[in-house]
There are 2 protein chains.
Amino acid sequence: MTEKELQRSKSVLPIGTVMKLTDLTARQIRYYEEQGLVIPKRNEGNRRMYSLNDIDRLLEIKDYLTDGINMAGIKAIYEQHEREAEARKREMNARLTDSDVRRILHDEFMNVSGLNRKPEQGLHSQHPFV
Amino acid sequence: MTEKELQRSKSVLPIGTVMKLTDLTARQIRYYEEQGLVIPKRNEGNRRMYSLNDIDRLLEIKDYLTDGINMAGIKAIYEQHEREAEARKREMNARLTDSDVRRILHDEFMNVSGLNRKPEQGLHSQHPFV
DNA sequence: AAATCATGTAAGAAAATCTAACATGAGATC
DNA sequence: GATCTCATGTTAGATTTTCTTACATGATTT
């Protein structure tokens with residue numbers, strides 16, 4: 001996962017922020033969750049915490065609804081997405097050589113462990129999203 | 001301002017999230033605010049709301065403190081930053097031709113108004129950070 | 001020794017969020 | 001046209017988060 005992807009998938013936004021960013025009501029956001037469309041992480045106090053990816057998906061849902069598509073339709077669309085993603089993944093795996101895999105795993109490791117952190121100005125600035 | 005910059009300056013994070021992201025206590029974060037180093041926006045309910053830029057600055061402050069620099073020193077550093085930024089801005093203005101300015105203003109307008117929004121898949125996806 | 005700095009801690013109030021339940025208007029279905 | 005279902009609104013009471021203010025404290029500075 002790239003740095004940017006990690007950032008986008010980090011659950012940092014409470015529902016109040018999500019409401020403003022998406023212009024949805026709390027009721028709507030929770031209902032879409034109930035329908036299995038956007039399942040946020042929870043913090044220690046059981047409050048929902050959303051990522052930027054979650055925001056994107058909520059906005060997509062909004063648009064689909066505007067287009068007259070109902071919950072069932074939207075669910076179907078996302079299931080389709082997932083099937084496609086799964087297929088791509090299998091295809092990838094089939095194509096990758098062993099050395100490719102080693103290189104990728106190495107890159108992942110360097111990222112996740114933060115060992116490749118490069119100082120910006122002197123020593124200052126480690127980004128928490130990385 | 002670019003899309004990315006807008007995103008980074010949008011105040012969307014409550015102090016609890018900032019605590020986790022920076023590994024600072026609420027007391028520390030509020031104290032740095034008291035010292036004029038990071039002044040978050042407030043929401044309607046008077047809760048502090050932070051941007052990604054705020055996070056970066058808090059992490060910088062952490063590093064400066066680790067380096068043994070005290071509040072006064074850090075303040076001085078940021079005042080220096082501001083003076084330099086101001087100088088660059090003046091320099092820019094001096095160099096820009098009228099047509100440059102017109103082009104830049106045009107770009108800004110297109111960005112802020114969101115008129116350049118390009119649909120991703122069909123009509124779906126307007127990003128709130130843009 | 002006294003003052004200052006950076007942070008901890010506690011108390012009480014206000015705001016945000018949670019779950020659960022009932023309400024409702026618009027369409028679909030019988 | 002009565003009934004159902006869907007997507008959302010609303011309310012209530014509990015819990016969590018955040019706020020401000022104040023006092024406490026160990027480490028430096030004066």
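Numbered from 1 within each chain, the chains take letters A, B, ... in sequence-line order. No experiment lies behind these values; they were computed from the predicted model shown.
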Is the backbone of B:Tyr50 close enough, under 3.5 Å, to the side chain of B:Ser11 for a donor and an acceptor to pair up by distance? no
Measuring from B:Ile74:CD1 to B:Asp67:CG, what's the distance to the nearest 0.5 Å? 9.0 Å
Checking side chain to side chain donor-acceptor pair (under 3.5 Å) for the pair A:Gln80/A:Glu84: CA distance, chi angles, key distance, verdict? CA-CA 6 Å; A:Gln80 182 64 22; A:Glu84 283 167 14; 3.3 Å; yes
D:dT29 OP1/OP2 closer than 4.0 Å to side-chain N/O of B:Asn70: no
Roughly how far, to the nearest 0.5 Å, is OG1 of A:Thr17 from CE of B:Met49? 3.5 Å
For A:Asn46 and C:dA16, give me the distance from atom CG to atom P, rounded to whole Å. 19 Å
Where along residues 23-35 of chain A does a heavy atom come under 4.0 Å from DNA chain D, residue by residue in number order? A:Thr25, A:Arg27, A:Gln28, A:Tyr31, A:Tyr32
Please state whether the phosphate of C:dA15, meaning OP1 or OP2, lies under 4.0 angstrom from any side-chain nitrogen or oxygen of B:Arg48. no
Apply side chain to side chain contact (heavy atoms under 4.5 Å, CB included) to A:Arg47 and list each qualifying residue two or more places apart in sequence or on a separate chain. A:Asn43
Using a 3.5 Å distance criterion without hydrogens, assess whether the side chain of B:Arg8 forms a donor-acceptor pair with backbone atoms of B:Ser51. no
Can you work out whether B:Gly45 or A:Arg42 has the more 5'-proximal nearest nucleotide on DNA chain C? B:Gly45
With nearest nucleotides of DNA chain D determined for A:Arg47 and A:Leu65 from heavy-atom distances, which residue corresponds to the more 5′ nucleotide? A:Leu65
Closest to side chain of A:Ile15, choosing from C:dT7, C:dT17, D:dC19: C:dT17
Taking atom P of C:dC5 as reference, at what distance in whole Å does atom CD1 of B:Ile74 sit? 14 Å
Whole angstrom value for the distance that separates P of D:dC6 from CD1 of A:Ile69: 17 Å
Which residues share a salt bridge (charged side-chain N to carboxylate O under 4.0 Å, His left out) with A:Arg30, sequence neighbours left out: none
Between P of C:dA16 and CG of B:Leu13, the distance in whole Å: 16 Å
OP1 or OP2 of D:dT17 less than 4.0 angstrom from a side-chain nitrogen or oxygen of A:Asn43, does that happen here? yes
Of the listed C:dT7, D:dT18, D:dT8, the closest approach to the A:Met71 side chain comes from D:dT8
What is the separation between atom NZ on B:Lys20 and atom C1' on D:dT18, rounded to the nearest whole Å? 13 Å
